[in-house]
Visitor: 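Please find one structure pasted underneath; my questions will follow.
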There are 2 protein chains.
Amino acid sequence: MVPGPARRRPTLTDVATAAGVAASTVSRAFTNPARVNAHTREHVLSVAARLGYAPNPAARALESGRTRTLALLVPDITNPYFAGVIKGAERAAAAAGLTLVLGDTQESASVEEQLVRRLGPSVDGLVLAASRLPDDGLRRAAEENAIVLLNRATTGVDCVVADFDSGTRQIVDHLASHGHESFVFLGGPAGSWSGARRWRGLQGSAAERGLDATRFGPYTPTLEGGPAAADAALAAGATALVCHNDMLAIGVLRRLAQRGVAVPERVSVVGFDDIFGADFCSPPLTTLAEHTRDAGARAVEVLVQQSRTTETASWVLPTQLVIRASTGPAPGR
Amino acid sequence: MVPGPARRRPTLTDVATAAGVAASTVSRAFTNPARVNAHTREHVLSVAARLGYAPNPAARALESGRTRTLALLVPDITNPYFAGVIKGAERAAAAAGLTLVLGDTQESASVEEQLVRRLGPSVDGLVLAASRLPDDGLRRAAEENAIVLLNRATTGVDCVVADFDSGTRQIVDHLASHGHESFVFLGGPAGSWSGARRWRGLQGSAAERGLDATRFGPYTPTLEGGPAAADAALAAGATALVCHNDMLAIGVLRRLAQRGVAVPERVSVVGFDDIFGADFCSPPLTTLAEHTRDAGARAVEVLVQQSRTTETASWVLPTQLVIRASTGPAPGR
DNA sequence: CGTCACATGGCAAGCGTTTGCCATTCTTTG
DNA sequence: CAAAGAATGGCAAACGCTTGCCATGTGACG
């Protein structure tokens, strides 16, 4: 048994010859059952099965112009936040009989643009998760391809986003209920769309509830960004920290532990995302959960539907504050 | 601006017409520069650029039979262990100008088989990570497609595996150096190839070093599997626990904390994989690190090379014990 | 029993590229 | 200066499949 480069796959024509019918009949037996006699069809299918025939997707794609393939571009595959998105997208794609191509944009707009260009022609549509592209770049991409944005929005492009308005209100309410009268937002990258939405939401809710909200940063939204963020907040005497995301929050938690600052006794810490690990870091993190799996799935569903309609829409997914041990009463209450 | 289903892409022929040359010339201008006059080529390329021409991958694939696409199948995309593998594979694929298709086998042999069948015809090769397929299933798949196994091995199929022999020896040495005279291996799923390798390695090294090794399980290798595993080990009076993987180990740590068992004072805990979170769980976990990113990258490199050679080979990647706070001296030393 | 509609199968023309082969022109070389 | 090559461009045939259209055969209907 030579493990070599695979023997030649049987083609439509091979099946046709073997079954003693025309190629078109074989084709129709597969794609248009109503168009061929039940007997012939059965015969053809059995011959095809015997030969181990499988249609060549490239040939189909050539003819139809559709590849039955979707692309999902994420800024960083290893970021656990996107793991759920990927899973959801993969499931939804598989359920629709579509193939999912994955791309890692390395948090870079230029890599993202390049990937869109490279992948665009060979897929039926793309999901751009937390896209770094500028608005006009997105619109341009949307002219060439079917596109759905995930946690990013711009007019003229379909998008599915988490409900940050409700989410940030939940956070502020939670802090307020614990007697906190102010908090610091440890912000992520300057250009982050969701970061901006988070801060806007927090600010709004804080104003409503009469809390003082201050924004620090930007900080790298990774574990490594934690120390700088934590130290800055500590220096400012903050008692409640809302972090751009869980990565940063966990980094902050580690720094606080290192500096002997009791959480939640002296400061409360809140994150965003509820990533893997948020429930077993120490202390477990209070954080705003998105249903990332649903988000990924929804995005591909929207993409699949997209062809049928023409106006663009935006889909909002619920968020939920998961309260764990990293938040508690304001000091002195 | 209608966001509709994308305007028609210009084709080779469009470019040829616009440039006033034959299609073959345009084709060669792109793929075989030496074959056309530098002047013509430049002209063609500029026209192509003006029209925004990009070759149709499906047509190329039809002609050449190669899709310039690879598939990576993993048991569970959300398992952080595979995140590194995916990242490495994506990078390596992108570097080689290849597209990476991702599939989630949901830890199921049948889903995996189905995916291989579905994806096989449309890719140039597949990487099966921690495959659940039986040996003969793998060999059969390898007859149809170029295949590389990751952390799984069987004769007749290329594979890249972590160096479990050295890794398990490092673990046993570490425990022995802390005066442990025995340990319990909390095993994962019965059919797990890497689980078997791990246990075999542990057993061997334990025998060499004169330690007593016992295997418990199987347990589900997830956080949820932790409590049962921890309780069993506790009931047996174990003082050192080596867990099938970090997920299980972290689950075990949580259970031990819950039961008030001091780690590492009363029991030491070791994991496998060094996943995201292993360094910030509590206490941070001593674990055997694989270079998952390298592994993913190596797998696709092997796949890319594969066509050139015919005999199969196996590639061993180094492992390294990362010592953190979950292990310490045996009680009473 | 002739007509017609319908069911069924086959033919052939693409889909966008690549590539073997031939024709033409331009260089070399003896 | 003739002849042999090189260089360059074009033609047309694939690659495997889908699909519009036509041909044939069948049963139904008047």
Side-chain angles (χ1 to χ4, degrees), chain A residues 5-45 47-48 51-69 97 118 120-124 144, chain B residues 5-45 47-48 51-69 97 118 120-124 144:
Chain A
R7 61 166 182 266
R8 199 178 81 86
R9 278 177 211 285
T11 73
L12 224 220
T13 323
D14 296 335
V15 178
T17 309
V21 300
S24 46
T25 303
V26 179
S27 173
R28 287 196 270 254
F30 280 93
T31 60
N32 196 353
R35 195 61 182 62
V36 337
N37 184 294
H39 269 81
T40 340
R41 170 151 197 267
E42 204 169 325
H43 174 223
V44 167
L45 292 188
V47 171
L51 262 46
Y53 167 76
N56 178 329
R60 280 194 160 160
L62 216 212
E63 166 66 28
S64 66
R66 6 209 66 261
T67 57
R68 302 199 58 71
T69 296
R118 200 164 77 69
S122 38
V123 301
D124 292 345
E144 295 284 331
Chain B
R7 61 167 183 268
R8 199 179 79 86
R9 277 177 212 284
T11 73
L12 224 218
T13 323
D14 296 334
V15 177
T17 310
V21 300
S24 46
T25 303
V26 179
S27 172
R28 287 196 269 253
F30 279 94
T31 59
N32 197 354
R35 195 60 181 63
V36 342
N37 185 294
H39 269 82
T40 341
R41 170 152 196 264
E42 204 168 326
H43 174 224
V44 167
L45 292 188
V47 171
L51 263 46
Y53 166 75
N56 178 329
R60 279 194 161 162
L62 215 212
E63 166 65 28
S64 66
R66 7 209 65 260
T67 57
R68 302 199 58 72
T69 296
R118 201 164 75 70
S122 39
V123 300
D124 291 345
E144 296 284 331

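Residue numbers start from 1 in every chain, and the chains themselves are labelled A, B, ... in the order their sequence lines are given, proteins ahead of strands.
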Visitor: Taking the side chain as everything from C-beta on, heavy atoms only, tell me whether A:P33 gets closer than 4.5 Å to A:R41.
Guide: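 In contact.
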Visitor: Once you round it to whole Å, what is the distance between C1' of D:dC15 and CG of A:D14?
Guide: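 Those two atoms, CG and C1', are 13 Å apart.
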Visitor: For A:V47 and A:A19, work out which heavy atoms get closest and say how close.
Guide: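 Shortest heavy-atom separation between A:V47 and A:A19 comes out as CG2-CB, 3.9 Å.
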Visitor: Take atom CG of A:L12 and atom C1' of D:dT18, then tell me their distance rounded to the nearest Å.
Guide: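 The distance from CG of A:L12 to C1' of D:dT18 comes to 9 Å, rounded to the nearest Å.
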Visitor: Which nucleotide wins on minimum distance to the side chain of A:T11, given the candidates D:dT19, D:dC17, D:dT8?
Guide: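 Of the candidates, D:dC17 comes closest.
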Visitor: Does the D:dC11 base have a donor-acceptor partner in the side chain of B:S24 within less than 3.5 Å?
Guide: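 Side chain to base: pair present.
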Visitor: Could you walk me through whether B:Y53 and B:D14 pass side chain to side chain contact (heavy atoms under 4.5 Å, CB included), step by step?
Guide: CA-CA 9 Å; B:Y53 166 75; B:D14 296 334; over 6 Å; no
Visitor: Nearest 0.5 Å, please: how far is CZ in A:R9 from OG1 in A:T11?
Guide: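 Those atoms lie 12.5 Å apart.
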Visitor: Quick one: does any side-chain atom of A:D124 pair with a main-chain N or O of A:R66 as donor and acceptor, under 3.5 Å?
Guide: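 Side chain of A:D124 to backbone of A:R66, a donor-acceptor pair under 3.5 Å: no, none is there.
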Visitor: Mind checking B:S27 for me? I need base, sugar-phosphate or nothing, with any heavy atom below 4.0 Å counting as a touch.
Guide: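 Counting heavy atoms under 4.0 Å across all strands, the contact made by B:S27 includes a base.
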Visitor: I'd like the 5' and 3' limits of the part of DNA chain C contacted by chain B, with heavy-atom contacts below 4.0 Å.
Guide: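 First and last nucleotides in contact are C:dG16 to C:dC21.
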Visitor: Is the shortest heavy-atom distance from the side chain of A:V44 to the side chain of A:V21 under 4.5 Å?
Guide: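 Counting from C-beta outward, A:V44 and A:V21 do come under 4.5 Å.
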Visitor: For A:V26, report the nucleic acid contact type (base, sugar-phosphate, nothing); a contact means any heavy atom under 4.0 Å.
Guide: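 No contact.
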Visitor: Between the base of D:dG9 and the side chain of B:R41, is there a donor-acceptor distance below 3.5 Å?
Guide: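 Not at all, since no donor on one side and acceptor on the other fall under 3.5 Å apart.
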Visitor: Taking atom P of D:dT19 as reference, at what distance in whole Å does atom CZ of A:R35 sit?
Guide: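 Roughly 12 Å, once rounded to whole Å.
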Visitor: Could you tell me the separation between the CG atom of B:L62 and the OG1 atom of B:T67, rounded to the nearest 0.5 Å?
Guide: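 That separation rounds to 12.0 Å.
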Visitor: Which of residues 53-65 of chain A have a heavy atom under 4.0 Å from DNA chain C?
Guide: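 Within this stretch, A:L62, A:E63 sit under 4.0 Å of the strand.
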Visitor: Can you find a pair of side-chain heavy atoms, one from A:S27 and one from A:L12, that are under 4.5 Å apart?
Guide: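 Counting from C-beta outward, A:S27 and A:L12 do come under 4.5 Å.
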Visitor: Counting C-beta onward and ignoring hydrogens, is there a side-chain heavy-atom pair between B:T31 and B:R60 closer than 4.5 Å?
Guide: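 Contact flag for B:T31/B:R60 side chains = yes.
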